[in-house]
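Below, chains carry the letters A, B, ... as their sequence lines are ordered, and counting in each starts from 1.
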Protein chains: 2
Amino acid sequence: MNATRDLVRFLATLPTQTLPDEVLDRTEELFLDWLASLLAGRHEHPIPLFEALADQMGPASGPSQRINAGRTSSPYFAALVNAAASHVVEQDDLHNSSVLHPATVVFPAALAVAQDIDASGAEFLRACVAGYEAGIRIGEFMGRSHYRTFHTTATVGTLAAAVAVGSLLQLDEDGFTNLLGSAGTQAAGLWEFLRDAADSKQLHTAHAAATGVNIGYLTRAGLTGARNILEGPQGLAAGMSSDADPRWLHDRLGERWALLETSFKFHASCRHTHPAADALLDLMQRERLTHDDLAQVTTHVHQGALDVLGRVTVPHSIHQAKFSMGAVLGLIAVYGNAGLTEFRDHALTDPRVAAVRERVTMVHSDEVDSAYPARWLGRVTVVTTDGRTLSGAIDEPKGDPGNGLSRAELEDKFRRLVAFAGELDTATTDTLIDRCWALRTLPSLRGQF
Amino acid sequence: MNATRDLVRFLATLPTQTLPDEVLDRTEELFLDWLASLLAGRHEHPIPLFEALADQMGPASGPSQRINAGRTSSPYFAALVNAAASHVVEQDDLHNSSVLHPATVVFPAALAVAQDIDASGAEFLRACVAGYEAGIRIGEFMGRSHYRTFHTTATVGTLAAAVAVGSLLQLDEDGFTNLLGSAGTQAAGLWEFLRDAADSKQLHTAHAAATGVNIGYLTRAGLTGARNILEGPQGLAAGMSSDADPRWLHDRLGERWALLETSFKFHASCRHTHPAADALLDLMQRERLTHDDLAQVTTHVHQGALDVLGRVTVPHSIHQAKFSMGAVLGLIAVYGNAGLTEFRDHALTDPRVAAVRERVTMVHSDEVDSAYPARWLGRVTVVTTDGRTLSGAIDEPKGDPGNGLSRAELEDKFRRLVAFAGELDTATTDTLIDRCWALRTLPSLRGQF
């Protein structure tokens with residue numbers, strides 16, 4: 001368990017390190033992007049159910065913000081509702097090689113606790129960095145076999161959230177060891193729900209973030225956990241992975257900032273659809289095709305895309321359409337865009353989208369699969385109605401680190417997502433954006449969002 | 001998924017069935033036995049940590065009792081603390097073939113919700129029966145491979161607790177299908193903590209019961225879950241078992257009452273130690289041996305005993321001693337008893353116990369292993385200091401259905417466990433016992449315990 005020990009030591013000593021400006025900048029950007037997803041999710045099913053649960057089970061007020069409800073509660077329930085809401089519109093960030101959505105589990109837990117203990121913006125950012133760095137490496141460690149059955153953001157997300165909380169609560173090496181043990185033994189979340197378009201995705205992030213909060217406080221109070229939960233013979237990898245590789249756990253700690261590799265999501269769909277969506281868009285623009293020109297669209301994909309997307313043929317809900325390769329490419333072909341508005345207004349009802357959807361197939365590609373998960377390659381072959389066979393290819397989907405979003409583009413995405421929920425006026429929106437860009441200087445986060 | 005459908009139909013129609021008197025009697029007995037474990041756990045580490053968490057995160061009062069604290073809260077936190085406390089002294093019930101401790105997850109969840117919705121004692125008992133019947137069958141379904149890495153009471157316990165809550169909330173077939181989907185995707189709990197004598201066992205039951213409560217209310221409000229979480233290709237068995245058998249899920253529903261097969265625990269140690277403990281006790285009484293006569297004690301055990309007990313050589317805590325075959329047999333040999341008092345006062349400190357402990361070994365037995373988990377056989381071989389080789393064997397440990405505890409013996413155990421915590425006077429103790437025996441007639445459970 002040297003790898004775990006190294007990771008724990010890194011986490012315990014992070015407060016003594018100076019973080020690169022680039023890391024702090026990106027953390028603010030990821031936070032803004034998370035806040036956009038949270039605000040956009042406000043009215044989406046099943047978010048009101050989680051808000052009602054917090055009303056019933058939690059205290060009527062407290063130190064931590066339930067942002068969408070405009071209420072406060074204990075850190076547990078604030079983390080729970082904010083995590084559920086930020087994972088529903090499928091616009092939150094993703095780290096490629098771990099296949100982890102870090103924002104939706106790390107930020108809700110860290111924000112709830114930072115508001116509880118009245119930490120500064122700088123302390124908050126540092127804790128979030130800890131959550132990202134640990135969560136991403138644990139996700140990589142768990143390997144592709146884990147992701148085949150388990151929703152990594154749910155399972156590993158519990159540890160990522162707990163680490164961010166542990167950082168705010170200033171745990172030492174022993175504390176982080178216990179924290180990982182307790183969080184790891186609460187890791188849960190299976191992909192089976194996708195087949196039925198059931199509501200588990202938000203239940204998963206709610207559980208991960210809220211459990212991370214509880215584990216943090218329990219650990220600080222003296223709860224012990226397994227000392228080798230990641231690598232041990234009855235631990236997380238033993239139970240839920242067949243290709244775990246401990247080298248990832250301590251991969252270039254303090255030199256490689258995995259947080260910087262996190263992708264922003266441009267399309268409002270499952271990330272596994274993005275490479276093909278960008279490749280098709282690129283091809284259609286280059287060849288000046290319209291949706292009417294598409295007789296057949298073949299996407300060449302990695303196994304993970306087949307595992308996650310393969311079960312949806314005809315989507316019956318907007319959320320399910322986001323996990324349908326055909327529906328996503330249909331929106332791209334007809335509207336040139338697969339944003340929240342296109343999904344809401346057209347994904348299930350536009351017959352042109354349905355027509356394209358029925359012409360889309362996915363096939364396994366060795367080239368794409370062997371590059372995955374480090375690189376998410378987009379490869380499509382189109383047969384046109386006039387009989388031509390054309391190929392499209394992109395190597396870095398929009399939003400990937402090498403093809404990222406500028407602060408102006410992130411602000412634009414923020415405004416679009418906020419407008420989608422239709423709640424905030426321009427002045428409030430501007431204030432929130434300014435606050436995110438000033439995060440590292442805020443003396444307190446209480447009531448700021 | 002016919003098996004799941006049958007199970008769900010059984011659960012949804014249980015309210016229209018008349019339960020056999022024998023089942024109601026036993027449910028009251030199991031409840032009394034659970035309450036004893038709960039009260040005995042009050043001061044044990046780490047229970048006060050969970051009480052503090054409920055103080056911090058939950059409302060200051062509510063409809064549901066936090067029994068040990070003498071306070072009330074929302075159903076979530078009442079279930080959480082009552083579940084943690086009832087699984088710490090290792091005296092709560094166990095169902096053999098599922099290797100599930102049903103009481104510590106089913107009763108806390110059901111009691112918290114029954115008090116919330118003001119259900120009657122009869123409705124409460126029926127819901128608990130539903131939780132036992134479903135949980136035991138799901139545990140059997142998950143198989144021995146699951147238990148090798150996962151703490152079944154933690155994982156399957158989440159579903160058992162949710163089913164009891166769903167019964168109180170009067171879910172229909174569709175509701176129970178969604179409930180199982182959501183509860184199944186939150187199932188968590190690994191054995192790794194045993195190696196370090198860490199505090200996860202109580203974290204596990206707290207999570208199972210409290211999550212079961214949340215899932216129940218969320219499902220009633222409309223949260224959907226995977227429709228085939230048990231048998232599906234990315235479901236619970238796919239992710240966490242290699243020998244799942246769906247036949248168990250609908251095994252003789254309504255005819256076989258699995259609840260009646262549940263064992264009461266006589267010794268205050270891990271149930272895997274009980275068969276050998278009873279066999280040694282029987283042998284020593286028959287041959288009139290004292291601990292000084294034991295030169296070598298070999299226990300012939302099933303693989304599950306090796307998996308769970310094998311990692312403890314020298315116990316460093318009382319809880320760890322309960323998972324040490326040597327320590328348990330040491331107490332049996334020296335004191336003729338391995339109850340809470342013997343563990344607290346002698347398990348770690350009496351050199352005679354340590355001397356026996358060092359002479360105990362476990363070896364795998366094909367005979368015992370092939371009978372397990374349906375039957376838990378006790379087989380020991382003793383070499384005496386004067387050179388004789390003697391064998392002891394029992395086929396049903398004390399507390400097993402064929403060797404059960406009478407109501408008088410259960411009352412005696414209740415009094416011993418309550419006295420261990422040193423809180424309640426005789427009159428209060430008598431009142432609690434009477435209330436358990438009157439459970440099916442109580443119009444309300446609010447404030448009753």
message = At a heavy-atom distance under 4.5 Å, which candidate from A:G62, A:A221, A:A197 has the highest pair count against chain B?
response = A:A221
Nearest non-hydrogen partners of A:P59 and B:G58, listed with the distance = CD-C, 4.0 Å
message = Has B:S200 got a side-chain atom pairing as donor or acceptor with A:S182's backbone, closer than 3.5 angstrom?
response = no
query = Do you know which of B:N214, B:N228, B:V213, B:L236 has the most heavy-atom pairs with chain A at a distance under 4.5 angstrom?
reply = B:N214
inquiry  = Using only atom types and a distance under 3.5 Å, with no angle test, would you say the side chain of A:S74 pairs donor to acceptor with the backbone of B:M57?
reply    = yes
inquiry  = Using 0.5 Å steps for rounding, measure from the CZ atom of A:F77 to the OH atom of B:Y76.
reply    = 6.5 Å
query = So, for B:E192 and A:Q234, which heavy atoms are closest and what is the spacing to 0.1 Å?
reply = OE1-N, 2.8 Å
key: Rounded distance [0.5 Å steps], CZ in B:R220 versus CG in A:L49   = 12.0 Å
Pairs of heavy atoms under 4.5 Å with chain B: top-ranked of A:G184, A:G232, A:A52 = A:G232
ask   = Which distance, rounded to the nearest 0.5 Å, do you find between the CG of B:D199 and the OG1 of A:T219?
value = 9.5 Å
inquiry  = Need one label for A:L53: side chain, backbone, both or neither, based on atoms under 4.5 Å from any heavy atom in chain B.
reply    = side chain
Contact origin within A:Y217 toward chain B - heavy atom pairs under 4.5 Å = side chain
request  = Provide the closest heavy-atom pair for A:A187 versus B:A188 in the form atom of the first, atom of the second, distance.
outcome  = O-CB, 3.4 Å
note = Pair count under 4.5 Å, heavy atoms only, with chain A: among B:P75, B:A154, B:S73, highest is B:P75
ask   = Checking heavy atoms, do the side chain of A:P48, its backbone, both or neither come under 4.5 Å from chain B?
value = neither
ask   = Atom OG1 in A:T224, atom CZ in B:F193: separation rounded to 0.5 Å?
value = 10.0 Å
remark   = Given A:P233, A:G189, A:S64, A:G181, the one with more heavy-atom pairs under 4.5 angstrom with chain B than any other is A:P233
request  = Go through the atoms of A:Q56 and report whether side chain, backbone, both or neither lie under 4.5 Å from a heavy atom of chain B.
outcome  = both
task = Using non-hydrogen atoms and a 4.5 Å limit, figure out which bit of A:H146 sits close to chain B: side chain, backbone, both or neither.
result = neither
query = For A:R227, is it the side chain, the backbone, both, or neither that has a heavy atom closer than 4.5 Å to a heavy atom of chain B?
reply = both
Heavy-atom pairs under 4.5 Å with chain B, option from A:L203, A:N178, A:L194, A:T149 with the top count = A:L203
Top contributor to chain B contacts, counting heavy-atom pairs under 4.5 Å, from A:T185, A:T158, A:D116, A:D196 = A:T185
remark   = Looking only at heavy atoms, the pair that brings B:M240 and A:F150 closest together is CE-CE2, 3.8 Å
inquiry  = Please rank B:G235, B:G222, B:P46, B:G225 by heavy-atom pairs under 4.5 Å with chain A and give me the top one.
reply    = B:G235
task = Starting at NE2 of A:H207, measure out to OG1 of B:T211 and round the result to the nearest 0.5 Å.
result = 5.5 Å
